[in-house]
Amino acid sequence: MSFCAHCVQGVRHEGEPEGKIETIGGVKCYVGTPAVDYPKDKVVLFLPDVFGIELVNNKLLVDDFARNGFKTIAPDYLHGDAIPADAMSSGNFDIMAWFPNHTQEKTRPTLDKLIAALKEQGVTAFGATGYCFGGRYVFDLAFDNVISVSVVAHPSLLKVPGDLEKYATSSKAPLLINSCTVDQQFPPEAQAQADVILGGFAPGYVREYFDGCTHGFAVRGDLSDPAVKAGKEGSFKKTIEFFLKHL
C-alpha cells in the first residue's frame, strides 16, 4: 500500500468549529450534535484523512453534517498522532515513515471500541463517510456489515479490483463514491472498474464525478478555485442526499 503526494497537500479552511471533544468508550472523538431533534438511534461516523480530528477542515465538515440533522462522530483513530496541518503547505512530510504506526491492525480496534460503545447507548444504524485514508475503513466496515450506508470521497489504500469485487459480494450497504479528475489513489481506470463491478449492486451504487478536482478536494481543496469549490460543495450535497435516502 502506498500514498500519493496529494495525500499530504491541501489548504486549511476558515471557520470556527461548533462541535465538542468527547470520550466515548475510551475513544477521543469530535462530535457534532444537531441543534434540532434528531433520531437518537442513528449516527454518521466521519472517518478523517491523515490529518485527523485536529484539522479544522474535518471539524467543520462534521459540524455541517450535524447542521443537516445527523449526529456525527469523528474518532481519533490516529491516537493523537495525526499528520500536522502545516505539512499541507510544506510538502516535505514523510508519510511512508508515518504509516507503519497507523496501519489497520493498529487503528481498526479503535473504531470497533467506539461502535460497541455507541451500540450500548442505543445506536442501531451507522452511516460512514470516509475521506482519503478514511475511505479504506468505510470499505472494511462495510465488508463486515457493521454500517448500513457507505460514502467515500477520493479513497486511499484500496486494492482495485479486489476490494470492489469483495464489496459487491460481501456488503449489504449502499455505496456512494465521490471521485475526481486527478487521483493517483483512485484514478479514472479504477473509477471505470467500480462502475462495471458495482453497476448492478442491488443495495445501491452511485459514483459522482467532479471535473477539475484533485485527490483531497472534498476536505482540503483550495476553495479559491471555482471548480474545487463546486466539487467540495457538490460532494457534500450528494453525501447528505445519500444518507437521507438510505440511513
Side-chain angles (χ1 to χ4, degrees), residues 1-8 44-52 75 77-78 83 95-112 114-115 126-210 213-219 235 238-239 242-243 246-247:
M1 291 184 178
S2 63
F3 295 90
C4 67
H6 290 132
C7 290
V8 289
V44 167
L45 297 172
F46 182 102
L47 306 181
D49 57 11
V50 293
F51 296 96
Y77 58 177
L78 303 178
I83 293 177
I95 192 171
M96 292 312 297
W98 171 90
F99 182 55
N101 288 323
H102 305 84
T103 58
Q104 289 156 273
E105 293 77 12
K106 299 189 178 187
T107 48
R108 172 66 188 269
T110 301
L111 292 181
D112 293 336
L114 171 63
I115 290 166
F126 295 89
T129 178
Y131 300 81
C132 309
F133 182 86
R136 168 74 263 171
Y137 295 84
V138 172
F139 267 65
D140 291 337
L141 292 172
F143 291 162
D144 296 338
N145 286 300
V146 173
I147 56 178
S148 303
V149 191
S150 304
V151 180
V152 294
H154 38 77
S156 299
L157 304 177
L158 295 185
K159 298 173 183 175
V160 177
D163 283 326
L164 300 173
E165 294 168 344
K166 185 174 181 180
Y167 200 104
T169 57
S170 63
S171 180
K172 299 173 184 174
L175 171 65
L176 166 64
I177 299 177
N178 288 310
S179 62
C180 61
T181 308
V182 180
D183 189 350
Q184 292 180 28
Q185 291 291 305
F186 198 68
E189 53 268 30
Q191 297 169 28
Q193 288 184 73
D195 293 348
V196 171
I197 294 168
L198 293 162
F201 184 58
Y205 165 73
V206 177
R207 182 176 66 83
E208 299 291 345
Y209 175 80
F210 297 95
C213 294
T214 61
H215 181 85
F217 76 92
V219 65
S235 62
K238 293 298 182 181
T239 300
F242 203 72
F243 281 140
H246 293 289
L247 185 60

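A quick note: this is a predicted structure, and the numbers were derived from the prediction, not measured.
Remark: Ser148 pairs with no residue by the side chain to side chain donor-acceptor pair (under 3.5 Å) rule, at least two apart or across chains. Residues forming a ring pair (Phe, Tyr, Trp, His ring centres under 6.0 Å) with Tyr131 (at least two apart in sequence, or on another chain): Phe46. Partners of Thr103 by side chain to side chain donor-acceptor pair (under 3.5 Å), not counting sequence neighbours, listed by chain and number: Glu105. Partners of Pro161 by side chain to side chain contact (heavy atoms under 4.5 Å, CB included), not counting sequence neighbours, listed by chain and number: Glu165, Gln193, Ile197. The side chain to side chain contact (heavy atoms under 4.5 Å, CB included) search around Asn145 returns Ser171, Lys172, not counting sequence neighbours. Contacts of Asp195 classified as side chain to side chain contact (heavy atoms under 4.5 Å, CB included), with partners at least two apart in sequence or in another chain: Tyr205, Arg207. Under the side chain to side chain donor-acceptor pair (under 3.5 Å) criterion, Thr239 pairs with Asn178, not counting sequence neighbours. Listed by chain and residue number, nothing satisfies the ring pair (Phe, Tyr, Trp, His ring centres under 6.0 Å) test with Phe186 (two or more places apart in sequence, or in another chain). Looking at residues two or more places apart in sequence or on another chain, you find a ring pair (Phe, Tyr, Trp, His ring centres under 6.0 Å) between Phe243 and Phe70. With sequence neighbours left out, Phe242 forms a ring pair (Phe, Tyr, Trp, His ring centres under 6.0 Å) with His246.
Annotation for Leu247 and Gly127: closest pair CD1-N, 3.7 Å, computed over non-hydrogen atoms. When every heavy atom of Pro100 is checked against every heavy atom of Ala97, the shortest pair comes out as CD-O, 3.4 Å. Closest approach of Ser170 and Phe143 over heavy atoms only: OG-CD2, 3.7 Å.
Residue pairs that meet the salt bridge (charged side-chain N to carboxylate O under 4.0 Å, His left out) test with at least one member in residues 139-156, sequence neighbours left out, are Arg108-Asp144, Arg136-Asp140. Within the structure, the ring pair (Phe, Tyr, Trp, His ring centres under 6.0 Å) test picks out the following pairs touching residues 157-185 (sequence neighbours left out): Phe139-Tyr167, Tyr167-Phe201.
Classification of the Phe210-Phe217 ring pair by plane angle, with boundaries at 30° and 60°, yields tilted. Ring orientation note: the planes of Tyr77 and Tyr137 are tilted relative to one another, at an angle of 30° to 60°.
The OG1 atom of Thr169 lies 8.0 Å from the NZ atom of Lys166; values are rounded to the nearest 0.5 Å. Note that NE2 of His154 is 6.5 Å distant from OG of Ser235, once rounded to the nearest 0.5 Å. How far CG of Leu198 is from CG of Leu164: 5.5 Å, rounded to the nearest 0.5 Å. Within the model, atoms CG of Leu176 and CD of Glu208 stand 6.0 Å from one another, a figure rounded to the nearest 0.5 Å. The structure places CD1 of Ile83 at 8.5 Å from CG of Leu78, a figure rounded to the nearest 0.5 Å.
The main-chain N or O of Cys180 is found under 3.5 Å from a side-chain atom of Gln191 such that the two form a donor-acceptor pair. Here the side chain of His215 pairs no donor or acceptor atom with the backbone of Gln184 at under 3.5 angstrom.
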Worked verdict on Phe99 versus Leu157 for side-chain contact (heavy atoms from CB on, under 4.5 Å): CA-CA 11 Å; Phe99 182 55; Leu157 304 177; 4.0 Å; yes

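Exactly one of Thr107, Leu111, Val152 qualifies for a side-chain contact (heavy atoms from CB on, under 4.5 Å) with Leu47. That residue is Leu111. For the side-chain contact (heavy atoms from CB on, under 4.5 Å) with Val138, the qualifying choice from Thr129, Ile147, Ile177 is Ile147, the only one to do so.
With contacts defined as side-chain heavy-atom distances shorter than 4.5 Å, the pair Leu141/Phe126 does not qualify.
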